[in-house]
Protein chains: 2
Amino acid sequence: MAAEQRRPDLAAMIVPLGRALMAAELPILRAHGLTMWAYAVLLRLDEDPVRSQAALAESIGADKTRIIDVLNDLEARGLLLRRPDPADRRVRLLSLTPEGRRTRDATQTAIQSRENHLLTRHLPAPQRAAFLTALHTLATLPPSELGSQEE
Amino acid sequence: MAAEQRRPDLAAMIVPLGRALMAAELPILRAHGLTMWAYAVLLRLDEDPVRSQAALAESIGADKTRIIDVLNDLEARGLLLRRPDPADRRVRLLSLTPEGRRTRDATQTAIQSRENHLLTRHLPAPQRAAFLTALHTLATLPPSELGSQEE
DNA sequence: TATTGTTATACTCTATAACTATA
DNA sequence: TATAGTTATAGAGTATAACAATA
């Protein structure tokens, strides 16, 4: 496992790139009336319904106290439904309305269209495919694989 | 430019991955007595000497007011030299001491060794190479390429 | 007057602790 | 008593404004 060729640290490339991508998304999100967290909520809820707010928060890497205003707003605007669970009335069952799903789709389409432009403009097709595959692999690793490691 | 295959948003993969990588670096940095910003300073100064603190801050994406304590600490520990520019005594000329360079090297070696383990463990060699190349390409794009874009 | 470095202040984001309602 | 959701509070991290030294 000798030295590979000289390169910047992974985090030193990835973190600023992430910041730049996020900054580039913001105007699109704003145009659709969404904050970053609101968009994260819509994305997550579209995958499958979530049983509780705490579970939703955890699954998008947020604090449960932080998404409450987000949920209030989305609910008030008719993008999200929040009903008490009849089985356990402490729990709120969350789901997207058709309008919420439309907003999600329109927003994601705009964002990914822009991303695809970026990728096709700067990466040759095979490299692009490898990049996306590798990125997906790394992004879905359990935190333990990245975090703790006995050297 | 039709739809590519379904995938998560780039930022949705990259940002959390960056956070995880950074979290994984923290214990290593701590072991070498560095904060993240201190490490960023050492990396930047090792490339080439910087003429002013403001320029340094800007070039690592920090605010000039935020790196002052970092510079104070590095200087007090003998990792960094800060001298008034004889030509313009408002300016502080910054450079690493040999000890600063040693700390930088030891820290980066530890960090990249860990990263290389991670990459070799999860990505086949050709994909790994493509990933690093693509990442480097995207990370070195001017902000305008990522930020503003006429659709 | 303009600029470098510095200090003091304010703001934003995030996490912790305290409360309520159900169980 | 324990938990889901909520509210109120406190803590990081960051940026803005004001200052002193030099040009």
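In the text below, chain A, chain B and the rest are named by the order of the sequence lines, each starting its count at 1.
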Here the distance between atom C1' of C:dT14 and atom CE of A:M36, to the nearest Å, is 12 Å

Euclidean distance, atom CG of residue B:D69 to atom C1' of D:dA12 [Å, nearest integer] | 14 Å

Rounded to whole angstrom units, what separation is found between the CZ atom of B:R89 and the P atom of D:dA20?
-> 18 Å

Short N-O contact, A:R92 and A:D85, less than 4.0 angstrom | no

Under a 4.5 Å cut-off applied to non-hydrogen side-chain atoms, are A:L132 and A:L119 in contact?
-> yes

Let me know, please, whether A:A54 or A:R19 comes out on the 5' side of the other along DNA chain D by nearest nucleotide.
-> A:A54

DNA chain D: A:I68 or A:D88, which has the more 5' nearest nucleotide?
-> A:D88

Considering only side-chain heavy atoms of A:R66, which listed nucleotide, D:dG5, D:dA17, C:dA15, is closest?
-> C:dA15

Determine the contact category for B:D63: base if any of its heavy atoms lies under 4.0 Å from a base atom, sugar-phosphate if only primed atoms, P, OP1 or OP2 are that close, otherwise nothing.
-> base

Nearest whole angstrom, please: distance from the P of D:dT22 to the CZ of B:R83.
-> 17 Å

Could you state the CD-C1' distance from A:Q53 to D:dA4, rounded to the nearest angstrom?
-> 8 Å

Among D:dG5, D:dA23, C:dA23, find the nucleotide with the atom closest to the side chain of A:V91.
-> D:dG5

Interatomic distance where CD belongs to B:E58 and C1' belongs to C:dT4 [whole Å] | 15 Å

Nearest-angstrom distance from the residue atom CG of B:N72 to C1' of C:dG5 | 11 Å

Taking only N and O in the side chain of B:W37, is any of them less than 4.0 Å away from OP1 or OP2 of D:dG13?
-> no

Which nucleotide, D:dA17, C:dT4, D:dA4, lies nearest any side-chain atom of A:S52?
-> D:dA4

Roughly, in whole Å, what's the span from CD in B:E75 to P in C:dG5?
-> 13 Å

Mark yes or no for a side-chain to base donor-acceptor pair under 3.5 Å between A:R90 and D:dT3, with no hydrogen or angle criteria applied.
-> yes

Working to the nearest 0.5 Å, report the span between CD of A:Q108 and CG of A:D46.
-> 8.5 Å

Sugar-phosphate, base or nothing in reach of B:R82, heavy atoms under 4.0 Å = sugar-phosphate

Would you call A:R44 and A:E58 a salt bridge, taking side-chain N to carboxylate O under 4.0 Å as the test?
-> no

A:E25 and A:R30 ion-paired at < 4.0 Å | no

